[in-house]
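To find a chain, count down the sequence lines: A is the first, B the second, and so on, and within it residues start at 1.
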Number of protein chains: 2
Amino acid sequence: MLPEPYDLLPTTARQSQTIAAGDVLFRQGAQTRGLYVLKTGRVHLERVGPNGERLIIHRATSGTSFAEASVFSERYHCDAIVMDAGALVRIDKSAVLAGFANPDFARAYGRQAAQQVQAHRQIMEIVGIRRAEDRVMAGIVAGLLDGTVIDFAARLQLTHEATYRALRALVEAGRVNNPSRGTYRLA
Amino acid sequence: MLPEPYDLLPTTARQSQTIAAGDVLFRQGAQTRGLYVLKTGRVHLERVGPNGERLIIHRATSGTSFAEASVFSERYHCDAIVMDAGALVRIDKSAVLAGFANPDFARAYGRQAAQQVQAHRQIMEIVGIRRAEDRVMAGIVAGLLDGTVIDFAARLQLTHEATYRALRALVEAGRVNNPSRGTYRLA
DNA sequence: GGCAGCATATGATTGAAATCATATTCCAGA
DNA sequence: TCTGGAATATGATTTCAATCATATGCTGCC
């Protein structure tokens, strides 16, 4: 099943496909066809700067959508390159645009987008905290430590080593519990 | 005038007010009334963690909206505290929800939100670059250096000193031009 | 015109996270 | 059951951005 809000669009709007490493989904300047929901694999969005510098705009991971803004644009403004093989669903631009005439879809879209913006703002606030220990603490308070410590570290823009050290310091300070190897929660 | 997409809502949905430092716009747990567009001043959104830790969720600045997700929620999930005096417009939750029945508003909302998500993702990618010089270069390529260097540094989550040094290094490496004091562009 | 405040700019020092290295535990799968 | 890979964990060293300090140019305003 597709994640919200795209599950509300007609099934005819979806095109599933498998992707192989190195595949190019679209290129900067190409006519937009729609957005993508990545089921598995990894996709990088890259833009080439005026002087040829390659700049990674976004790394899409399993279960997330990307190129949403292309729905409102004539041309893609970056390249989409498959890093790891997987599968995805393309969702037609026209179906999304038409979907906004359906208040249920529109509200679901709005809710989803607003929550995503909120989450991004919060992560950016947390990433702005300089001290690794404070950053890790804030990350835990924000509930960002759900999967592995390594994933958590990546979200915090810290190395996993620095994150492990900060976690240990927090445990030693009694601010965090470490009931078992690899699990941490607020004290 | 209100920024997109809220300019499309009936004027009856807006309530302007001035705000003083220390004012509390809403508290965590309070019934949601709507979102806010900040005209001038500064507002912090803060959440209190389970053990009483104060965590800044977001710093709203002039010309931006905040608490958009409250429209889809019964209760505010954070406190909104005025840091610097200014003025804002509150936009009724019910008017926004009703607005989604208008495809023009819905699409404008969708476009605005999608672009914001895109911008956030890009900034997060850039902030993830470790070397100050590379980060500053990426920031310039992304067009983030429009205002002052100090603002630019804040967006990059760097100190302005580190940013000035990186800029000078880039100028010396011939990758960036510094036509006049305080102005930098790609070489 | 002079002063206050801010952005720009750079030097010196410090500190903390990155990096490099290594060991252990856990789990999946041959 | 053995093996390989990944996550967890921590030590040693290095690097580079933060911090502290200071100077200058620019602008607004009294």
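If you measure from atom CD1 of B:I150 to atom C1' of D:dC26, you get 13 Å, rounded to the nearest angstrom. Put simply, CG on A:L170 is 13 Å from P on D:dA9, counting in whole angstrom units. If you measure from atom CD of A:E133 to atom P of C:dG15, you get 16 Å, rounded to the nearest angstrom. When rounded to the nearest whole Å, the span between CD of B:E172 and P of C:dA9 equals 13 Å. In this entry the distance linking NE2 of B:H160 with P of C:dA9 reads 12 Å, nearest Å. Here D:dC16 presents its P atom at 14 Å from CZ of B:R135, a figure rounded to the nearest Å. Atoms CG (A:D134) and C1' (C:dA16) sit 12 Å apart, rounded to a whole Å. Remark: P of C:dA18 and CD of A:Q157 are 10 Å apart, rounded to the nearest angstrom.
Closest to the A:E161 side chain, of the nucleotides D:dT8, D:dA18, C:dA21, is C:dA21. Nearest nucleotide to the side chain of B:T148, out of C:dA9, C:dT8, D:dA9: C:dT8.
Distances shown here put a side-chain N or O of B:Y164 below 4.0 Å from the OP1 or OP2 atom of C:dT8. OP1 or OP2 of C:dA18 lies within a sub-4.0 Å distance of a side-chain N or O belonging to A:T159. B:Y184 has no side-chain polar atom (N or O) that falls below the 4.0 Å cut-off from OP1 or OP2 of C:dA7.
Here A:E172 pairs with A:R168 in a salt bridge; the nearest charged N to carboxylate O distance falls below 4.0 Å.
No contact: A:F152 has no heavy atom under 4.0 Å from any strand. Within 4.0 Å (heavy atoms only), B:R130 reaches sugar-phosphate atoms of the nucleic acid but no base atom.
Considering all non-hydrogen atoms of both residues, A:R155 and A:D146 come closest at NH2-OD1, 2.6 Å. Closest of all the heavy-atom pairs between B:Q157 and A:V127 is NE2-C, 4.1 Å. The heavy-atom pair separating A:A166 from A:E133 by the smallest distance is CB-CA, 3.9 Å.
Between the side chain of B:R181 and the base of D:dT24 there is at least one donor-acceptor pair of N/O atoms closer than 3.5 Å. Evaluation of atom-type donor-acceptor distances gives no pair under 3.5 Å for the side chain of A:R165 against the base of D:dT10. Counting distance only, with no hydrogens placed and no angle test, the side-chain atoms of B:R131 and the base atoms of D:dT15 include no donor-acceptor pair under 3.5 Å.
Positionally, the nearest nucleotide of DNA chain C for B:R168 lies more toward the 5' end than for the other of A:L158 and B:R168.
Put simply, the side chain of A:T32 never gets that close to the backbone of A:Y76: no donor and acceptor are under 3.5 Å apart.
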